[in-house]
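One structure below.
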Amino acid sequence: MSHEFELITQYFQPLCSVESNEVGIGDDGAVLNCPANHQLVVVTDTLIAGRHFPLDTDSYDMAWKSLAVNLSDLAAMGAQPAFYSLALTLSPLENNQAWLKSFSSGLKALSEQAGIRLIGGDTTQGALSITITAQGWVPQGKALLRSKASVDADIYVSGQLGDGGLGLVNVLQKLAPDAIGYSEQAIEKLNRPVPRLSLGQALLEQGLSVSAVDISDGFLADLNHILNASNLAAVVEYDALPLSAAIKDWARYTQNPLFGLNTGDDFELCFIALPEQAKQIQTLSQMLGVAITKVGQTQVWDGQSERLMVLNGLGEKLALDVLGYQHF
Ligand code: ADP
Ligand code: MG
């Protein structure tokens, strides 16, 4: 069982890197340089054991995911990651070498990949809880905002939808490899989502989009955030949605056609772009090696009817009872 300061020195100090005129871990606060003509984007997310990940999740994966969900928010703003701090509450169960070593390795792996630096935090004792606050930069006035979507524009999503949700089903129901819905890819996506940072930054830099959201609570719920903030309606084509065969099998098997659309943990981006950008968006998709799929259009909202319609191949509306994951 380590004491607070030994623990910080052994596991977190090595992850801290600052420039020669900056201050990281070790003082009352961090002191950091800010690039000129940029704005700071600040995001924070807490992960609670048993709620945001199953209790038996590996500590490497907990660390990865805690950082990934924050980076996904930065990606949705088009920000370049800069710094993060870690507020860690540990119970005696986690305060041991094996747990902490694996936890700090997970943090190190993703932070190096994303180019984000640990600059401080807080360590307390209690039920396991991990809060990360991350900061990134955007050029002045250029952040991708939920409120900036325009009418008659295309709605895109990156990657595939529903994998995180199916991953959770796999883990909670302990699906066997020959079971319907079994998917290793989905479990991997649940535990180690890869935030779409390059995509978010490229959309901003190339001026391809001004409005995005990261899909963390379910595609329908998160698209709805854009529609509410921009006062728009939208039509989505179910058949256009990037859903894997495993997701479609599971949706049929559970008779839940919305499976994958209202499940959480995708950490993909949903963004809005003008139709004239379609070609450049496909070029970007090839350049990044990330699938980007057009799934619908924004429309004028009449102030009364539903904001969001999902149409099947016959042009019929799907009933949208539960849009996404709700915490309360
Ligand atoms: P204070 O007493 O001022 O709250 P602490 O004793 O909590 O400071 O922390 C000492 C230093 O260690 C600070 O620089 C803080 O940012 C850093 N620190 C504490 N916990 C963590 C952590 N979990 N990860 C990274 N840095 C941490
Ligand atoms: Mg403190």
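In each ligand, atom 1 is the first atom listed, and ligand 1 is the first ligand listed.
For residues 147-161, the set of pairs meeting the side chain to side chain donor-acceptor pair (under 3.5 Å) definition, not counting sequence neighbours, comprises S158-E268, Q160-D163. Among residue pairs with one or both ends in residues 272-289, none qualify as side chain to side chain donor-acceptor pair (under 3.5 Å); sequence neighbours excluded.
Side-chain contact of S129 with T89: a donor-acceptor pair under 3.5 Å is absent, judged by distance alone.
Between G121 and ligand 1, an N or O atom pair is found at a separation short of 3.5 Å. Below 3.5 Å of separation, one finds no N or O of I25 facing any N or O of ligand 1.
Between W250 and Y253, the ring planes lie tilted relative to each other; the angle falls in the 30° to 60° range.
Neither the backbone nor the side chain of I119 has a heavy atom within less than 4.0 Å of ligand 1. Within the 4.0 Å heavy-atom criterion, the part of I8 lying near ligand 1 is the side chain and not the backbone.
Of all the atoms in ligand 1, the ones that sit under 4.0 Å from a non-hydrogen atom of G26 are 11 (C), 13 (C), 14 (O). Less than 4.0 angstrom separates some heavy atom of F5 from each of these atoms of ligand 1: 6 (O). Taking every non-hydrogen atom of D28 and a distance limit under 4.0 Å, the qualifying atoms of ligand 1 come out as 3 (O). Listed by number with element, the atoms of ligand 1 under 4.0 Å from a non-hydrogen atom of T123 are 19 (C), 20 (N), 21 (C), 22 (C), 23 (N). Heavy-atom contacts of E4 reach the following atoms of ligand 1: 6 (O), 7 (O) (cutoff under 4.0 Å). For ligand 1, the atoms lying closer than 4.0 Å to a non-hydrogen atom of L86 are 22 (C), 23 (N), 24 (N). In the vicinity of D122, heavy-atom distances shorter than 4.0 Å reach the ligand 1 atoms 7 (O), 19 (C), 20 (N), 21 (C), 22 (C), 23 (N).
A salt bridge is absent between K142 and E205: the closest approach of a Lys/Arg side-chain nitrogen to an acidic carboxylate oxygen does not fall below 4.0 angstrom. Under a 4.0 Å N-O distance rule, the pair E184/K189 does not qualify as a salt bridge.
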Derivation and outcome, side chain to side chain contact (heavy atoms under 4.5 Å, CB included), residues Y84 and L67: CA-CA 9 Å; Y84 71 103; L67 183 55; 4.0 Å; yes

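Remark: distances from the non-hydrogen atoms of Q13 to ligand 1 are all 4.0 Å or more.
The local environment of CG in D302 is crowded, with over 12 non-hydrogen atoms from other residues, nucleotides or ligands closer than 6.0 Å.
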